[in-house]
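FYI, side chains are in, hydrogens and waters are out, and symmetry mates aren't considered; it's all heavy atoms of this structure. Sequence lines set the chain letters: A, B, ... in the order given, protein chains first and strands last, and positions in each chain run from 1.
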Amino acid sequence: MASVVLLAWAVKLDRVYAITLLPKSVTTAIGMEIAGSLGGIKSLAAALIIMTGMTGHLIAGWLFRVLGITDPLAKGVALGTASHVLGTAKALEMGEVEGAMSSLAIAIAGVMTALLAPLAVGLLH
Amino acid sequence: MKYVFQFLRIIGVCFIGEVLAEALPLPIPSSVYGLVLMLIMLRTGLYRLEQVRETGMFFVSILTIFFIPAAVGVMEQWDALVAIIFPCVIATLLITALVMGVTGRFTQWIHRFGDKGKNSRRFDTYRDIVPEEGDTLTEHE
């Protein structure tokens with residue numbers, strides 16, 4: 001979420017698109033509501049959330065190898081936080097601990113984003 | 001029958017979440033209310049884990065199916081999306097990699113740091129959630 005605010009600053013992203021991008025790392029149901037309630041485009045948010053999920057699902061294995069992330073707990077949290085449900089599907093393939101941690105991370109990331117997103121909107125120009 | 005009641009319990013919590021989201025003026029979606037409510041119910045013992053576990057695990061195992069309608073919805077937005085598709089793809093790729101990498105490294109660092117010099121017993125709680133061997137969903141299907 002903070003990364004979206006930074007990106008929005010860096011490339012002078014349109015406010016509406018920035019808000020739409022904001023909840024892209026949380027699960028669709030929560031993310032769409034957040035984007036909608038803050039003035040973003042709801043269905044575009046859903047599209048971006050799906051795209052984020054697929055990206056995370058695809059790059060996870062490679063990224064963990066490159067960065068040397070071997071701890072199952074860390075893998076789970078990373079997948080759940082960055083790419084929500086589709087990441088968790090990947091985490092469940094990796095193992096039990098990964099899956100459980102990933103589900104937990106979705107919930108925490110979802111709640112945190114829902115609570116912090118209104119503040120982040122204030123930081124946008 | 002057991003699964004019907006488990007399903008009804010989960011749906012019940014979701015429904016209360018919907019009502020709360022309508023009633024309270026906070027910008028929090030109904031699913032978050034449901035999530036927090038379910039956690040409270042389980043922690044306080046109003047629900048026991050066995051009362052929702054199998055159906056919950058079933059939903060988790062078919063999680064990706066719930067994404068099909070949303071993915072089809074992307075097609076409806078194609079006109080709006082195609083104009084900004086290129087920056088969006090780049091941004092999505094970079095941010096996802098960044099978030100995942102940073103979260104992963106940081107969690108691993110914290111986990112190792114916290115574990116120094118003592119045996120970790122913190123996996124016990126997940127063992128409670130995840131079914132034991134021979135208790136998997138495939139048996140019930």
Transitively linked via ILVMFWY side-chain contacts under 4.5 Å: [X] with [Y]?
{"X": "B/Val36", "Y": "B/Leu39", "value": "no"}
{"X": "B/Val4", "Y": "B/Ile10", "value": "no"}
{"X": "B/Met41", "Y": "B/Phe59", "value": "yes"}
{"X": "B/Val19", "Y": "B/Tyr33", "value": "no"}

All side chain to side chain donor-acceptor pair (under 3.5 Å) counterparts of A/Thr81, not counting sequence neighbours: none

Chain B contact via A/Ala60 - side chain, backbone, both or neither, heavy atoms under 4.5 Å: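 Answer is both: backbone and side chain atoms of A/Ala60 are under 4.5 Å from chain B.
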
Contact origin within A/Leu67 toward chain B - heavy atom pairs under 4.5 Å: both

Could you grab the distance from atom [atom1] of [X] to atom [atom2] of [Y], nearest 0.5 Å is fine?
{"X": "A/Leu73", "Y": "B/Ile110", "atom1": "CG", "atom2": "CD1", "answer": "11.0 Å"}
{"X": "A/Ile59", "Y": "B/Leu93", "atom1": "CD1", "atom2": "CG", "answer": "6.0 Å"}
{"X": "A/His57", "Y": "B/Thr96", "atom1": "NE2", "atom2": "OG1", "answer": "13.5 Å"}

Donor-acceptor under 3.5 Å (B/Gln108 side chain, A/Asp71 main chain): yes

Flag, side chain of B/Arg105 to backbone of A/Ile69, donor-acceptor distance under 3.5 Å: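 No: the side chain of B/Arg105 does not pair with the backbone of A/Ile69.
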
Atom OH of B/Tyr47 with >12 non-hydrogen neighbours under 6.0 angstrom: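 Yes, OH of B/Tyr47 has more than 12 neighbouring heavy atoms, counting only those of other groups under 6.0 Å.
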
Considering all heavy atoms, the nearest A/Ala74-B/Gly104 contact: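 Scanning both residues, the minimum pair turns out to be CB-O, 3.4 Å.
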
Candidates A/Leu79, A/Val77, A/Thr55 - the one meeting side-chain contact (heavy atoms from CB on, under 4.5 Å) with B/Met100: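 Answer after filtering A/Leu79, A/Val77, A/Thr55: A/Leu79.
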
Residues that B/Phe15 engages under ring pair (Phe, Tyr, Trp, His ring centres under 6.0 Å), provided they are two or more places apart: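 Scan of B/Phe15 (ring pair (Phe, Tyr, Trp, His ring centres under 6.0 Å), adjacent residues dropped) gives none.
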
